[in-house]
Amino acid sequence: LSILFFDSIFNLYLNKDFLNEKEFYKSEENTMFGGRLEVVISKKISIFCDLRNTFYDSNFDGIIDNNKLINTGIKLKY
């Protein structure tokens with residue numbers, strides 16, 4: 001994948017945690033999905049953006065919450 005003449009890496013991921021077989025089919029709880037895009041500027045510098053949705057009860061009220069994360073940064077190799 002190339003973006004504006006730069007090499008790019010794109011990843012999609014899905015993760016499901018469950019403690020027993022009954023929870024396996026509950027898609028709304030303990031699930032995480034997202035994607036990551038990394039644009040390689042040079043051999044030592046790249047820029048990345050990570051988007052993630054995580055579903056769990058974050059405030060213990062019995063309602064499953066969608067906890068979104070957007071992470072961006074610059075990765076330097078030396």
Side-chain angles (χ1 to χ4, degrees):
L1 179 66
S2 294
I3 298 176
L4 297 176
F5 308 108
F6 295 111
D7 289 334
S8 304
I9 302 166
F10 182 68
N11 297 321
L12 290 175
Y13 50 87
L14 172 67
N15 185 22
K16 170 74 175 153
D17 293 329
F18 56 93
L19 300 175
N20 57 38
E21 292 178 11
K22 294 178 183 176
E23 293 181 359
F24 181 74
Y25 296 104
K26 288 184 176 180
S27 62
E28 70 274 359
E29 189 173 5
N30 296 328
T31 305
M32 179 179 70
F33 66 89
R36 179 182 176 101
L37 175 65
E38 185 171 344
V39 178
V40 180
I41 305 296
S42 70
K43 289 182 180 180
K44 296 187 177 192
I45 300 173
S46 62
I47 300 170
F48 67 89
C49 180
D50 188 16
L51 305 172
R52 184 182 314 164
N53 287 323
T54 306
F55 296 92
Y56 64 93
D57 188 8
S58 59
N59 53 6
F60 304 108
D61 62 356
I63 299 171
I64 304 302
D65 301 312
N66 180 5
N67 302 286
K68 295 182 180 182
L69 171 76
I70 299 173
N71 185 24
T72 58
I74 298 173
K75 185 164 60 171
L76 302 173
K77 296 179 185 179
Y78 57 94

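Remember, it's a predicted structure, so these values are computed and weren't measured experimentally.
When hydrophobic side chains of Ile, Leu, Val, Met, Phe, Trp and Tyr are connected at separations under 4.5 Å, I70 ends up clustered with L51.
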*Does the side chain to side chain contact (heavy atoms under 4.5 Å, CB included) test come out yes or no for L37 and F10, once each step is laid out?*
CA-CA 5 Å; L37 175 65; F10 182 68; 4.2 Å; yes
*Would you sort out whether T54 and L69 count as a side chain to side chain contact (heavy atoms under 4.5 Å, CB included), showing the intermediate values?*
CA-CA 8 Å; T54 306; L69 171 76; over 6 Å; no
*Give the intermediate values and the outcome of side chain to side chain contact (heavy atoms under 4.5 Å, CB included) for residues F48 and N71.*
CA-CA 8 Å; F48 67 89; N71 185 24; 3.9 Å; yes
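F33 is linked by a ring-ring contact (aromatic ring centres under 6.0 Å, His included) to F55, counting only residues two or more places apart in sequence or in another chain.
A chain of hydrophobic side-chain contacts below 4.5 Å, direct or via other Ile, Leu, Val, Met, Phe, Trp or Tyr residues, connects V39 to I74.
Crowding of L14 atom CG: a count of heavy atoms from other residues, nucleotides or ligands under 6.0 Å exceeding 12.
Listed by first then second residue, pairs satisfying side-chain hydrogen bond (donor to acceptor under 3.5 Å, both in side chains) with a partner in residues 36-51 read Y13-D50, E38-S46, E38-K75, D50-R52, not counting sequence neighbours.
Of the candidates N67, N66, T31, Y56 forms a side chain to side chain contact (heavy atoms under 4.5 Å, CB included) with just one, namely N67.
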